[in-house]
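Below, read A as the first sequence line, B as the second, and so on, with proteins coming before strands; counting in each chain starts at 1.
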Amino acid sequence: MSAAAECLQTIADYGLRSIGIGERLLPRSDFTLCQQVTLIGSGMIWNLYFGVLALAAGFVLANGLALAKASPRRWLRRPAEGFIFVFRGSPLFIQFFLAYSALVLLPREGLSIFGLTLPTGWMARAWAGALLVLTLNTAAYSAEIFHGALRNVPKGDLEAADAFGLTGWARFRRIVWPTMMRLAWPAYTNEAIFLFHATTLVFFSGFPAFRQEGDSLYYASYLADKTFNPFVAYPIAAGYFILLTLCLIWLFGVVNQRLNRHLPGQARRLRYRPNIIR
Amino acid sequence: MFAYCADPRTLEGLAWLSCYLSSGTHLLFYASFGTVLLLLALTAPVSLALGFLGALAARSGFAPLRWLGKTYAAVVRGVPDVIFFLFVPIALDQGIEWLRSRVYCDPSVPVRQGNEFVVCAAAKMPLGTAPGWVHDFYGIALAVVAFSIVFGAFATNVLYGAMQAVPRAQLETAEAYGMTPRQIDRRILIPQMWSYALPGLSNLWMILIKATPLLFLLGVEDIVYWARELGGTKTTTFAYPHGDWRVWYFLALLVFYLLMTWVSQRAIDRLSARLSRGQATLAGEAMRKAGVAA
């Protein structure tokens with residue numbers, strides 16, 4: 001069999017391995033480059049799954065938190081501040097461990113509320129438990145970004161809204177929120193990149209990889225362990241992440257253009273200053 | 001530790017808890033907090049120095065040096081830091097052993113034999129005969145190097161930005177006084193840049209604190225390792241049997257980190273006020289108007 005045909009066969013066997021489709025057993029010896037690229041790429045499905053869903057859910061939650069933190073009402077502001085402090089002040093790694101060890105304590109036979117039995121076993125699985133932690137974590141970081149942007153909404157915009165007789169929800173939806181998003185967007189792009197990078201921690205932090213179905217770094221470290229050679233598997237995983245980062249920058253750049261489209265000549269493209277730290 | 005702890009089975013309540021929390025393994029657990037602080041104390045200055053060299057290289061007039069500085073900062077960008085933490089220690093370990101094997105072993109024997117990385121016993125690092133603490137220290141040293149490389153790249157970016165942010169006019173004034181480029185760097189650029197670098201560096205410090213539990217991934221017996229060990233269910237064969245208490249141990253770690261970041265934030269706020277004094281910036285001007293003595 002030619003090398004190309006062999007590689008196609010490998011992709012068919014292992015391309016969806018990380019979600020349990022294809023070969024049951026991982027290769028054990030004589031790893032080809034094609035196998036390594038395929039397996040690690042297959043793991044990226046999990047990174048995308050965690051990243052996309054946590055980003056979407058975290059975005060909604062972060063908006064609520066940012067508004068709560070900016071609220072003059074104490075009973076709204078204090079909980080939001082506390083939430084943000086806890087999730088920004090502690091390592092994500094510890095949050096994963098804590099969440100996992102708390103979730104496995106849930107009664108195995110399920111919670112019974114009003115005679116209904118809610119199964120709880122799934123909460124300790126990575127796809128649910130880790131997603132929950134990632135969502136809360138990114139919500140806290142994004143809320144801080146949105147809160148900062150909210151405080152920087154120009155006074156003139158608000159006065160103009162008053163002059164047009166816009167109040168309450170209409171004022172928020174049509175003036176405050178779009179401006180807040182526009183101001184927050186570059187920082188939020190960074191947060192999104194960090195979130196995708198943080199998804200690599202999931203399978204190293206207590207959450208077990210069910211039937212060896214893990215993310216890209218899980219497979220990369222599996223391969224590096226088996227081959228005693230870190231110089232192939234880790235660079236492949238790094239390459240995938242650089243590609244993913246470039247895609248994210250492009251995608252967020254498109255949104256940024258849309259957010260800024262009413263400003264002639266200003267910020268036509270997102271000047272991405274890769275802030276490697278959040 | 002206490003005399004009454006001789007037979008834990010007879011104890012109850014607070015006495016049991018005090019004996020439990022002062023058992024030998026718990027003392028190791030408390031000592032591992034020292035490992036974390038040691039890592040912080042070593043990594044912060046090393047990566048600051050690396051970042052400083054990187055930033056100077058990135059500003060250098062000599063092109064290859066400039067490329068080196070910029071590449072170093074750019075390589076870390078876009079790649080999750082966990083990959084570096086997994087990659088650097090193994091790569092470094094193999095690099096050292098490979099070099100030693102060229103010296104101490106028969107060089108005609110290849111190091112890579114199929115899927116194996118084999119060096120002769122004399123080239124092992126540390127030597128197989130070395131005592132346990134040498135292995136522990138070697139592990140921590142590799143971790144320090146890995147952390148320093150990653151955070152050095154972050155610091156390069158921050159310091160490079162801060163050096164660029166020093167107002168051009170201040171450097172031109174120094175030139176007008178006839179200072180040499182080296183004098184300008186030493187007397188104007190470097191003292192002035194700290195106030196611009198502080199926000200970035202303080203962010204970096206926070207990230208460094210929050211990256212320390214990743215030591216666990218490097219196989220160091222750190223606080224995460226002990227929290228998992230001690231918290232797991234202990235059957236009656238142990239001196240202090242208990243159920244699954246991991247959640248309490250991790251809660252303690254969470255509180256530890258919250259305290260660390262909270263204290264750091266307060267210290268940074270004070271430092272930032274100190275560095276803003278007399279600066280021609282918004283913060284410095286606000287302090288001048290408020291009449292804070294310089």
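- Counting heavy-atom pairs closer than 4.5 Å to chain A, the top residue among B:Y257, B:W245, B:F216 is B:Y257.
- For A:R151, the CZ atom is loosely surrounded, since the number of other residues' heavy atoms within 6.0 Å does not exceed 12.
- Remark: A:Y240 OH to B:I83 CD1 distance equals 12.0 Å, nearest 0.5 Å.
- Side-chain atoms of B:L214 and A:L201, non-hydrogen and from C-beta on, do get closer than 4.5 Å to each other.
- Annotation: side chain of B:F256 is not in contact with side chain of A:I94 (no heavy-atom distance under 4.5 Å).
- Residues that satisfy the ring pair (Phe, Tyr, Trp, His ring centres under 6.0 Å) test with B:Y249, not counting sequence neighbours, are B:H26, B:F29.
- With a 4.5 Å cut-off on non-hydrogen atoms, B:L251 touches chain A through its backbone and its side chain both.
- Aromatic ring orientation, B:F250 versus A:F97: parallel (interplanar angle below 30°, classes split at 30° and 60°).
- For the set A:T200, A:V86, A:N229, the count of heavy-atom pairs under 4.5 angstrom toward chain B peaks at A:N229.
- Residues passing the side-chain contact (heavy atoms from CB on, under 4.5 Å) test with B:Q94, sequence neighbours excluded: A:F228, A:P230, A:F231, B:I90, B:R112, B:F117.
- Nearest heavy-atom pair, B:R246 versus A:S101, reported as atom, atom and distance to 0.1 Å: CB-CB, 3.7 Å.
- Closest approach of A:S221 to B:L86, counting heavy atoms only: CB-CD1, 4.3 Å.
- Residue A:L217 touches chain B through its side chain alone, counting heavy-atom pairs closer than 4.5 Å.
- Once rounded to the nearest 0.5 Å, the distance linking CZ of A:F93 with CG of B:L215 reads 10.0 Å.
- Residues A:R88 and B:K210 come closest through the heavy atom pair O-NZ, 2.7 Å.
- Ranking B:V247, B:V82, B:L259, B:T261 against chain A, the residue ahead of the rest is B:V247, based on heavy-atom pairs under 4.5 Å.
- When heavy atoms are compared at a cutoff of 4.5 Å, A:F196 does not approach chain B at all.
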